[in-house]
Amino acid sequence: AENTFSNEYFRLLIEERWSPKLSHNGKPWEGPDQFEDSTGKLMMLPSDMALVQDPAFRKIVELYARDEDAFLKDFASAFSKLLELGVDFPSVKPWYKFW
């Protein structure tokens, strides 16, 4: 579902059959490399497909596809670290100016 945080991304990676996008609206596809499902309504990028092609990453994708709780637990842990540790941004002169 569009508004639900879940493991659906990982399930789709494993369960759907993905093929290179060759056409769009009856014309040859000339855009960047993409993969689409059998309906042509969903797409994945080569970086998404790399997750199932690499054996080490595929194990993680398969785990998260079958165990949503494992995905949610790992996500919560990683996201908490980001919130707690913050992100360093280099000191940059702003492009805007307040008068």
Side-chain angles (χ1 to χ4, degrees):
E2 304 87 35
N3 301 347
T4 304
F5 189 69
S6 71
N7 66 337
E8 186 172 6
Y9 168 79
F10 299 102
R11 287 186 30 255
L12 289 170
L13 273 173
I14 298 293
E15 295 171 6
E16 290 291 330
R17 170 174 254 142
W18 299 98
S19 57
K21 183 176 183 79
L22 302 175
S23 64
H24 183 72
N25 292 335
K27 297 180 183 176
W29 176 248
E30 296 178 4
D33 289 346
Q34 291 182 11
F35 294 83
E36 58 186 1
D37 71 339
S38 59
T39 68
K41 293 182 180 181
L42 299 175
M43 68 79 107
M44 293 283 182
L45 297 173
S47 55
D48 298 310
M49 301 313 320
L51 295 173
V52 292
Q53 294 166 350
D54 180 274
F57 282 119
R58 185 177 181 95
K59 289 178 186 177
I60 297 166
V61 170
E62 289 173 346
L63 168 65
Y64 290 165
R66 73 174 175 270
D67 187 348
E68 184 175 59
D69 288 337
F71 166 65
L72 294 174
K73 180 182 173 199
D74 288 351
F75 179 87
S77 175
F79 193 70
S80 293
K81 286 180 187 177
L82 286 175
L83 293 177
E84 292 167 1
L85 301 176
V87 178
D88 290 334
F89 292 100
S91 179
V92 182
K93 184 176 180 181
W95 57 269
Y96 56 87
K97 182 178 177 182
F98 293 111
W99 280 262

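Source: prediction; values computed, not measured.
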- Task: Find out if a path of hydrophobic residues (ILVMFWY) with successive side-chain heavy-atom gaps under 4.5 Å connects Tyr9 to Leu72.
- Result: yes

- Item | Any pair counted as salt bridge (charged side-chain N to carboxylate O under 4.0 Å, His left out), so long as it reaches residues 53-63, sequence neighbours left out | Arg58-Glu62

Using residues 36-47 as the side-chain source, report each donor-acceptor pair under 3.5 Å to any protein atom, sequence neighbours left out, with the distance given to one decimal.
unit_1: Glu36; atom_1: OE1; unit_2: Lys21; atom_2: NZ; d: 3.4
unit_1: Asp37; atom_1: OD1; unit_2: Thr39; atom_2: N; d: 3.4
unit_1: Asp37; atom_1: OD1; unit_2: Thr39; atom_2: OG1; d: 2.9
unit_1: Asp37; atom_1: OD1; unit_2: Gly40; atom_2: N; d: 2.9
unit_1: Asp37; atom_1: OD1; unit_2: Lys41; atom_2: N; d: 3.2
unit_1: Asp37; atom_1: OD1; unit_2: Leu42; atom_2: N; d: 3.2
unit_1: Asp37; atom_1: OD2; unit_2: Thr39; atom_2: OG1; d: 2.9
unit_1: Thr39; atom_1: OG1; unit_2: Lys41; atom_2: N; d: 3.1

- Message: Nearest 0.5 Å, please: how far is CD1 in Ile14 from CG in Leu63?
- Response: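 One finds 10.5 Å between CG of Leu63 and CD1 of Ile14.
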
- Could you give the distance from CD1 (Ile60) to CG (Leu51), rounded to the nearest 0.5 Å?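 So the gap between those two atoms works out to 9.0 Å.
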
- Query: With Asp67, which residues qualify under side-chain hydrogen bond (donor to acceptor under 3.5 Å, both in side chains), at least two apart?
  - Reply: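 Asp67 satisfies side-chain hydrogen bond (donor to acceptor under 3.5 Å, both in side chains) with no residue once adjacent residues are dropped.
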
- With sequence neighbours left out, the residues meeting side-chain hydrogen bond (donor to acceptor under 3.5 Å, both in side chains) with Arg11 are none

In a table with atom names and distances, give each donor-acceptor pair under 3.5 Å that connects a side chain of residues 78-87 to protein atoms at least two apart or in another chain.
unit_1: Ser80; atom_1: OG; unit_2: Ala76; atom_2: O; d: 2.8

- Is it true that atom CD of Glu30 has more than 12 heavy atoms of other residues, nucleotides or ligands lying nearer than 6.0 Å?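 At most 12 heavy atoms, drawn from other residues, nucleotides or ligands, come within 6.0 Å of this atom.
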
- Tell me, which pairs form a ring-ring contact (aromatic ring centres under 6.0 Å, His included) where one or both residues lie in residues 32-51, sequence neighbours left out?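 Output for this query is empty, none listed.
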
- Could you name each residue pair satisfying ring-ring contact (aromatic ring centres under 6.0 Å, His included) that touches residues 37-70, not counting sequence neighbours?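 Applying ring-ring contact (aromatic ring centres under 6.0 Å, His included) to every pair that reaches into residues 37-70, excluding sequence neighbours, yields Phe10-Tyr64, Tyr64-Phe71.
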
